[in-house]
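One structure below.
Letters A, B, ... are given to chains in the order of the sequence lines, protein chains preceding strands, and every chain is numbered from 1. Just the heavy atoms: all of them, side chains too, but no hydrogens, waters or symmetry mates, feed the values below.
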2 protein chains.
Amino acid sequence: MSKSSSSKSQSFPNEDTPSCDAYLVHLDRVRQVQPEIMPVEKAQQMAEFFNALADPNRLRLMSALANRELCVCDLAAAVKVSESAVSHQLRILRSQRLVKYRREGRNVYYSLADRHIISLYQEVSEHLQE
Amino acid sequence: MSKSSSSKSQSFPNEDTPSCDAYLVHLDRVRQVQPEIMPVEKAQQMAEFFNALADPNRLRLMSALANRELCVCDLAAAVKVSESAVSHQLRILRSQRLVKYRREGRNVYYSLADRHIISLYQEVSEHLQE
DNA sequence: GAAACATCTGAATATATCTTCATATGTTTT
DNA sequence: AAAACATATGAAGATATATTCAGATGTTTC
C-alpha cells in the first residue's frame, strides 16, 4: 500500500521532469501547506486503521458485535463465512483495537472495543445517506 | 474484496462440515443477532468509503486540503507524488464525495467536500492516540 | 488553429489482501 | 492422557489496488 519515497520528479530543484514543476507550481502555496500535511508515519498508521474497516465482512462482523458479545463460531454462522475466515478477520480488527475478547471455556467471546466506534459508524452512515 | 456466497458450510441444515455447526452453534444467539447485521449491500458501500481513506497518500492529500484549496499540480508537489498518481487518487476521493473541485482556467482546484470529514478525522485521531 | 499547459485515463506491472485448506494451539471431557 | 472441540495461524492461489508510462481531453495563448 504505497511505497513512499524513491521516484524521480519528487524533490524540487530538479532535472528533467516535464510538466508543471519547480517555478511553474504555486510555490508559495505549496510551502504554506507543506508543514501542515500529515507526516507519512501517522498517515500510514491511520490508513491501517481505515483499512481494517474497509471490508464488507469485517463491517458485518462489527455490526453483529454492536448488538451483543459473540463467539467466533456464532459470528461465522451469523455472517455466513467460514470460521477460519472469521478468525483471520478478527485478527485484523483486534490489531486496530476495534474489538476486544475474552476466553470462556473453549469459546472466545468477542465484543466491540468501545462505544466510540459506534459514533464513528453513525457519522459515516450519515455521510453515505446524502 | 470478499466474494459473498458460494462455499460449503454456509447454510445451516448442512452436510459434512466438521467443526462447530448446526446445533452446536448457539442458534438462539445467532437468530437474535442476524436481523441486526448490516446488509451486504450497505456493508459493501461503507467498505468502499473506508477504503478510500485507507491509503497514506490519500490521507496526506486530504490533510493538505484541510488547510486550503489546491490544484493537482500543487498537491503533487506538496505530497511529493507524481501528478498522474495524484489524479488517480483524487478520482477515488471524488467517487466517495470526500473532495470537491472546481475548474479555473487550466487548473482544477480541489478542496474537502465538507467539514464533516474533519470531525471524522479527529475522532479517529483520538482512537489512535490511546 | 497550432502549440503549450494542466489534468485525466487506460493498460501494464508490482504489491497487497482475502479466502481456503491443512495444521497447530489451547480447552474440556472421558 | 486421549479424544473431541473451538479457535488461531501459515502457505498458496485468486483478486484487488497503486504506481508508472503513454497517450487522450480540455484550456489558454499566440
Counting only side-chain nitrogens and oxygens, does Ser82(B) get under 4.0 Å of the OP1 or OP2 atom of dT20(D)?
yes
Nucleotide dA16(D), atom C1' - distance to CG of Asn51(A) in whole Å:
11 Å
Let me know the distance between CG of Leu61(A) and C1' of dC18(C), rounded to the nearest Å.
13 Å
Taking donor-acceptor contacts at under 3.5 Å, does the side chain of Ser84(B) reach the base of dT7(C)?
no
Please report, rounded to the nearest Å, how far the P atom of dA18(D) is from the CG atom of Leu59(B).
12 Å
What's the CZ-P distance between Arg58(A) and dA16(D), to the nearest Å?
15 Å
Flag, side chain of Ser63(B) to backbone of Arg60(B), donor-acceptor distance under 3.5 Å
yes
Quick one: does His127(A)'s side chain have a donor or acceptor within less than 3.5 Å of a partner on Gln96(B)'s backbone?
yes
For Tyr109(A), report the nucleic acid contact type (base, sugar-phosphate, nothing); a contact means any heavy atom under 4.0 Å.
nothing
Quick one: do Met62(A) and Tyr109(A) end up in the same hydrophobic cluster if we chain Ile, Leu, Val, Met, Phe, Trp and Tyr together by side-chain heavy atoms under 4.5 Å apart?
no
Scan nucleotides 24-30 of chain C nucleotide by nucleotide, 5' to 3', and note B when protein non-hydrogen atoms come under 4.0 Å of the base, S if they reach only the sugar-phosphate, - if neither.
---SBS-
Here the distance between atom P of dA8(D) and atom CG of Leu75(A), to the nearest Å, is 10 Å
How many whole angstroms separate atom CD of Glu83(A) from atom P of dT19(C)?
14 Å
For the backbone of Ala52(A) and the side chain of Arg58(A), can you confirm whether one donor and one acceptor N or O come within less than 3.5 Å of each other?
yes
Look up atom NZ in Lys42(A) and atom OG in Ser125(B), then write down how far apart they are to the nearest 0.5 Å.
3.5 Å
Test of understanding: clusters of I, L, V, M, F, W, Y form through side-chain heavy atoms closer than 4.5 Å, transitively. Do Val124(B) and Ile92(A) belong to the same one?
no
Listed once per pair and sorted, the salt bridge (Lys or Arg N to Asp or Glu O under 4.0 Å) pairs that draw on residues 102-114 of chain B, sequence neighbours left out:
Glu69(B)-Arg102(B), Arg102(B)-Glu104(B)
Per the ring pair (Phe, Tyr, Trp, His ring centres under 6.0 Å) rule, what does the pair list look like for residues 66-96 of chain B, sequence neighbours excluded?
none
So if I take the C1' atoms of five pairs at each end of the helix from dG1(C)-dC30(D) to dT30(C)-dA1(D) and get each local axis, what angle do the two axes make, rounded to 10 degrees?
30°
Does Tyr101(B) have more than 12 heavy atoms from other residues, nucleotides or ligands lying within 6.0 Å of its OH?
no
Mind running a 4.0 Å heavy-atom check of residues 87-101 of chain A against DNA chain D and sending the residues that fall below it, in number order?
Ser87(A), His88(A), Arg91(A), Arg94(A)
Look up atom CG in Leu53(A) and atom CG in Leu98(A), then write down how far apart they are to the nearest 0.5 Å.
5.0 Å
Please confirm whether the shortest side-chain N or O distance from Tyr110(A) to OP1 or OP2 of dA8(D) is below 4.0 Å.
yes
What I'd like to find out is whether the side chain of Leu70(A) reaches to under 4.5 Å of the side chain of Val33(B), using heavy atoms alone.
yes
Applying side-chain hydrogen bond (donor to acceptor under 3.5 Å, both in side chains), name anything that partners Arg94(B), two or more places apart in sequence or on another chain.
Tyr110(B)
Toward the 5' end of DNA chain C, which comes first, Ala85(A) or Val108(B), by nearest nucleotide?
Val108(B)
Value in whole Å for how far the P atom of dT17(C) lies from CZ of Phe50(B):
17 Å
Phosphate-side-chain proximity, Asn107(B) and dT27(D), N/O vs OP1/OP2 below 4.0 Å:
no
Starting at atom CG of Asp55(A), determine the distance to atom P of dA16(D), rounded to an integer number of angstrom.
12 Å
